[in-house]
Each structure stands twice: as C-alpha cells, then as structure tokens.
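A short write-up of the structure that comes next.
Residue numbers count from 1 along this sequence.
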Amino acid sequence: MNRVYIKTYGCQMNERDSEAVAAMLRARGYRIVSDERESDIVLLNTCSVRDLAEQKAIGKAGHIAARKKENPRLVIGILGCMAQNRGASILDQLPDVDLVIGTQKIHRVPGYLDLLRSLRESGMPVGSTIVDTAEEEGSQDAIRDHLLAERQVSAFVSIQQGCDMDCSFCIVPKTRGDERSRPMDAIVEECRALVDKGVREITLLGQIVTSYGRRDYAHTGGITPFVQLLERLHGIDGLSRIRFTSPHPQGFKPDLVAAFGRLPKLGEYVHLPLQSGSNRLLRAMRRPYTRERYLELVAALRAVQPRMNLSTDIIVGFPGETEEDFEQTREVFSAADYDMAYVFKYSRRSGTPAESLAGQVPEEVKEQRNQVLLGMLEQNSLRRNQSLVGTRQEVLVEGPDKKGLRYSGRTRGNRTVHFPAGPEWIGRLVPVAVKRASTSVLYGEMEPLAGA
Ligand code: 5AD
C-alpha cells in the first residue's frame, strides 16, 4: 500500500518540489507510479497564481475523492501553494482530503505519510486530516534530492524560496513566504554531484533568483551574490550550461549583464518578465521599472550578446488597462523582439494589493488582447527561428525526441533543434547546421566536431 502518484500544477519550482518529494519517498521505500489508477496515495502539488489553476486542482481532487467509495484507504494529499493559500478551509470543499501541506513543509510529506499509516494501523479513524501550513526556518534548504532518469542531461536546482517584491497582482509572497536563500556552498555541492552523475545543464530556480543571497553575502567588487554564485558554478568542470528562472528586470545590474559576455556557459537566453509596457500600469502593478528602462536593459543584453534570445511574461487585462495602455504593451512587445512569451489574462487573487482595484477588464477584452499578443509572438518566433536557417548552432544533445525519429537538443539561445544522431551523443555539445525552422523548433544536421 505504498504506491504514490504525484500530479504537479504550475511552475518549475513546483515541478522541482515534487521531484524532491518523490526522491525522498522512494528512499523510504515508497514506489512512485505514473498511473493514477495504480496508486494508494495521490498527491496534488498545487498552484495558486491564477484562479484557474486552483479550480483545476480542486476539480481533480474531487474526482479522486470519489474513488474513496471503493477504496476508503486511499490517501489524498493537497500540497504546495493552494494548501498554503487556503489551509484547512480546503476541507470545506474537499472533506475527504487526508493531508494539507504548505510550501514550507513539503519536505515533511514522507514523514506525514508514515505517520498517517501508523496512526491508521493503530486504529485512528480514517477521515482525520493532517494540516500543516506553518513556516519553517531553513525549509529552502530541504529541496535537495533528485530523481534522475537514465542519462538525464538537464536538471533543476532550487536556490531560494519566497519573494519580497510586492507586485500588486501576485499571490506568491503569500503562498511562498519571505525571500530565503540557500547557502552558496550547498548549491555548488549539489550541482557538482549532479554533474558527477552526468548532468550537463543546470537551471537555477527561485521566485526571484536575481535577489539570491542579498541578505546573506556581501557584494564584492560590484558583484552581486547571484553573479558570485554563477561564477562558482561556471567553474565546475563537466557542466556545459547554466540557466536560471525567474529573474526580475530590476535584478539585472551591470554585473549580471556583463556576466553574459564573460561566462560562456550562460548561453544567449534570458527570461525577462515585462508584465506590461505601460508605465502607468507598471506603477499600478508595483513593478519598479519603466518601459524605457526595460528596453535599455534589452539593448544592454544584446550589446553583450547580439543574438540574445528573450522570453517574457505579460499580463493582459490588469485592472484599469485601457486600449492606450495595451497599445504601449504592443509597442514594447514588438521592440523587445521576443522568441517566446507567456501571456496571462489577469486573474484577481484574494489577499493581493490589486484585489480591490476598480476597473476590472471584461473577459472578452482580456481574451482579445491575449490573442493579439499570441499572434504577434507567433510571427516573431517564426521570423527569428527562420533567421537561423543556414547558420551553425552549438547544441547540447538531450536524447531522442518525442516521436523517437530524431534526437533533440537546445541551442545556446534555448531553441529546440531536431537532428539525426545516436545515443553516443547524449550530453555532448555538437555543432548543428540549421536547415529548416518552424515557430517552435529548428531542424538540422550535425556537423563534424572541430579537430575530429
Ligand atoms: N493573474 C495573471 N497572471 C499572473 N501572474 C502572476 N500573478 C498573476 C495574476 N494574478 C503571471 C505573471 C508572472 C507569471 C508567473 O504569472 O506574469 O510573471
């Protein structure tokens, strides 16, 4: 009775938390299964960033709870952001849930499952729920364990939890708590161990990675702790690429911009959340930059790396967004020349500063603005991908593509490329001549290695 099925909603931090929980469970003798119907324990690691994400998880949990009629011993756990956001009130809607575990307690899930089992064995009535959404000092350092697949090339490493920014739309400070960074030595050690196991690309994760360590480490010679961390990781032999998400535009000080010129493992890709191109809305969103400053940053990054690929996050339909504001967003969106963008329709979140703002935008208007930006993005991605046809790109080979016809990997600019290869190339950096491009992927052929 120890088969665990884990379903994850939301961001890469959540994916990473789930992976760490799965690794801890496996070490304790639980089995992680991929078929929900074959499980004794179902864990939903949830997201609260938009209402839709919460509704999906609630719907799913309700559905699973129906299985308890046949199998009263089935264990259901709600973990992560929605557990943190709603706490025990989740039980009003979902009385059959056994565990409600917040974001700072997620590493305690294995212990709680053991506890639940022993309580039940000792006769505790099935139906009592364990709720733990307390803060825990040091919890940011508990997400360390990995479940690496055979020949896994790319891995995520959590470097920080929480966020001290005050973006008026965002629920993250409420669900993830104050900003807390892991010790630099622990991160470097974890990355080194991953590289020893064959990992070649590491993506550093945090809600605001650019603020990493700002209270724990001194700036030395104008170098922020985050860039100090990048420098140390850059020194790990065998590690080919370092990426990170999510940064804040404000965190791109000159040292980080310059790092893209002197630390080649960073590649040529940055995620730079814009949210809005209207200064009036940026102020209302409490984003401490202007459209002009943002575009200066884009120019500075492309001065260091002319081919720099950029992705972004945009919110359409923030309260009070007029046609004029949206026009401003379109302008910046076009000027920044993105390869990729995530466009979100504003979702009102309880407990956020924007919750009570007047001027809610009708759903149809949000949808229409969403479509406008997606249309622009599609054209832009295609144009930028097509401009790579005829060039040679350095690709980190990840493995067979989904259809199993070719191999796939990513360029320094984080674009996916498909090309014929074999298993001996997994984890290696190879030159690929780009022959064809679509909006989302490139197709090419490997070229002989220099000196080979
Ligand atoms: N509504 C819509 N999108 C949101 N995001 C954050 N909060 C909200 C909200 N209330 C988006 C932002 C953020 C991304 C992860 O989710 O664009 O960068």
Side-chain angles (χ1 to χ4, degrees), residues 1-87 89-91 93-114 116-117 129-133 142-143 145-149 152 155-156 158 161 171-172 175-176 205 342 344 347 402:
M1 303 313 273
N2 64 354
R3 298 165 304 171
V4 186
Y5 173 79
I6 307 180
K7 181 167 172 64
T8 307
Y9 298 83
C11 65
Q12 286 155 320
M13 288 292 274
N14 275 8
E15 294 288 347
R16 176 70 195 103
D17 289 347
S18 293
E19 183 202 359
V21 168
M24 287 185 264
L25 284 169
R26 192 179 270 180
R28 284 192 190 216
Y30 289 85
R31 270 176 54 204
I32 308 299
V33 298
S34 54
D35 184 348
E36 183 188 326
R37 288 160 307 180
E38 307 263 291
S39 63
D40 311 298
I41 300 164
V42 178
L43 302 177
L44 302 182
N45 191 6
T46 57
C47 169
S48 291
V49 83
R50 282 168 292 277
D51 187 53
L52 192 65
E54 288 204 351
Q55 294 313 326
K56 270 192 202 161
I58 290 171
K60 180 78 185 167
H63 209 69
I64 297 162
R67 262 177 66 196
K68 282 206 171 189
K69 290 207 183 73
E70 294 125 53
N71 175 12
R73 301 189 67 85
L74 179 74
V75 172
I76 305 177
I78 305 282
L79 323 180
C81 288
M82 187 173 78
Q84 195 69 44
N85 189 29
R86 299 192 173 207
S89 74
I90 285 179
L91 301 171
Q93 263 174 297
L94 297 165
D96 290 325
V97 163
D98 304 275
L99 283 176
V100 177
I101 307 295
T103 51
Q104 301 194 28
K105 293 291 184 179
I106 215 152
H107 57 290
R108 305 254 170 231
V109 165
Y112 281 133
L113 287 177
D114 286 352
L116 210 57
R117 181 150 65 178
T129 306
I130 296 175
V131 179
D132 189 354
T133 55
I143 304 302
D145 297 349
H146 290 262
L147 257 196
L148 292 182
Q152 186 172 322
F156 292 101
S158 170
Q161 283 181 4
I171 201 162
V172 165
T175 58
R176 288 276 179 174
L205 295 179
Y342 304 89
F344 304 106
S347 166
K402 282 196 193 102

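Residues Lys7 and Glu36 are not in side-chain contact: their nearest non-hydrogen atoms beyond the backbone lie 4.5 Å or more apart. The shortest side-chain heavy-atom distance between Gln93 and Arg86 falls under the 4.5 Å cut-off.
The minimum heavy-atom distance linking Tyr112 with Ile101 is given by the pair CD1-CD1, 3.5 Å. For Thr8 against Glu15, the heavy-atom pair with the smallest separation is CG2-N, 3.7 Å. In terms of heavy atoms, Ala57 sits closest to Thr46 at CB-CG2, 3.7 Å. Across Gln12 and Leu205, no two heavy atoms sit closer than the pair O-CD1, 3.5 Å.
Between the side chain of Thr129 and the backbone N or O of Val97 there is at least one donor-acceptor pair closer than 3.5 Å. A side-chain donor-acceptor contact under 3.5 Å links Arg16 to the backbone of Phe156. With hydrogens and angles ignored, the 3.5 Å screen pairs a side-chain donor or acceptor of Ser347 with a backbone N or O of Asp51. Looking at Thr103, its side chain never comes within 3.5 Å of a backbone N or O of Gly80 through a donor-acceptor pair. With hydrogens and angles disregarded, a donor-acceptor distance shorter than 3.5 Å links the side chain of Arg3 to the backbone of Glu38.
For CZ of Arg26, the number of neighbouring non-hydrogen atoms (other residues, nucleotides, ligands) closer than 6.0 Å is 12 at most.
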Report task. Verify salt bridge (Lys or Arg N to Asp or Glu O under 4.0 Å) between Asp132 and Arg108, making sure each step is shown before the conclusion. Result -> CA-CA 9 Å; Asp132 189 354; Arg108 305 254 170 231; 6.0 Å; no

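Look at Asp98 and Lys68 and you find a salt bridge, because one of the NZ, NE, NH1 or NH2 atoms lies within 4.0 Å of a carboxylate O, short of that distance.
Taking Lys56 as the reference, nothing meets the salt bridge (Lys or Arg N to Asp or Glu O under 4.0 Å) condition, with sequence neighbours excluded. With sequence neighbours excluded, no residue forms a side chain to side chain contact (heavy atoms under 4.5 Å, CB included) with Ala27. A search for side-chain hydrogen bond (donor to acceptor under 3.5 Å, both in side chains) contacts involving Asn85 returns Glu54, Lys174, not counting sequence neighbours.
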